[in-house]
Amino acid sequence: MVRYFRRHINIKKIRELKNLTRDFVSAELEMSTSGYGKIERGEIDLTISRVVQIAEILSVSVFDILFFDAEIFFIKDNIPIEVNISKNYVERKKLIYYHEHPNKMLKKQN
């Protein structure tokens, strides 16, 4: 199978590598968490505009979503290297999200 057809898997891997929750990404997409879960499971077809939107939220390129290779994010002994990751942007968005949704932060801590 060509990697292009694994975009839903790539979205999930990138989200997890960036330590983002499904709740956060679904809120940014203005959709339900279960609806976003369908994207990560490949149960719905994505439009180009939705892929672009997801790429912006994850701070990666559309190319990264379509052709992501997890091996480029790791070097020997699984020590992560940051490629196309803007921690400041992601951290700022997470702070805003948890400020607007304090009950989500409480659930995450429990």
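Two different hydrophobic clusters hold Ile9 and Ile44 under the rule that ILVMFWY side chains link at heavy-atom gaps under 4.5 Å. Hydrophobic cluster membership is shared by Leu66 and Ile11, with clusters built from Ile, Leu, Val, Met, Phe, Trp and Tyr side chains linked at under 4.5 angstrom.
Within the model, atoms CZ of Arg22 and OG of Ser32 stand 11.0 Å from one another, a figure rounded to the nearest 0.5 Å. Distance check, rounded to the nearest 0.5 Å: CD1 of Ile57 to CG of Leu29 gives 3.5 Å. Taking CD from Glu30 and OH from Tyr36, the interatomic distance works out to 15.0 Å, rounded to the nearest 0.5 Å. The OG1 atom of Thr33 sits 12.5 Å away from atom CZ of Phe24, with the distance rounded to the nearest 0.5 Å.
The closest donor-acceptor contact from the side chain of Arg7 to the backbone of Ile65 lies at 3.5 Å or more, if one exists at all.
For the pair Lys18 and Val60, the minimum side-chain heavy-atom distance is below 4.5 Å. In this structure, the side chains of Ile54 and Ile39 come closer than 4.5 Å at one or more pairs of heavy atoms.
Annotation: ring pair (Phe, Tyr, Trp, His ring centres under 6.0 Å) contacts involving residues 40-63, sequence neighbours excluded, comprise Phe63-Phe67.
Taking Gln53 as the reference, Arg50 meet the side chain to side chain donor-acceptor pair (under 3.5 Å) condition, with sequence neighbours excluded. Partners of Glu43 by side chain to side chain donor-acceptor pair (under 3.5 Å), not counting sequence neighbours, listed by chain and number: Arg41.
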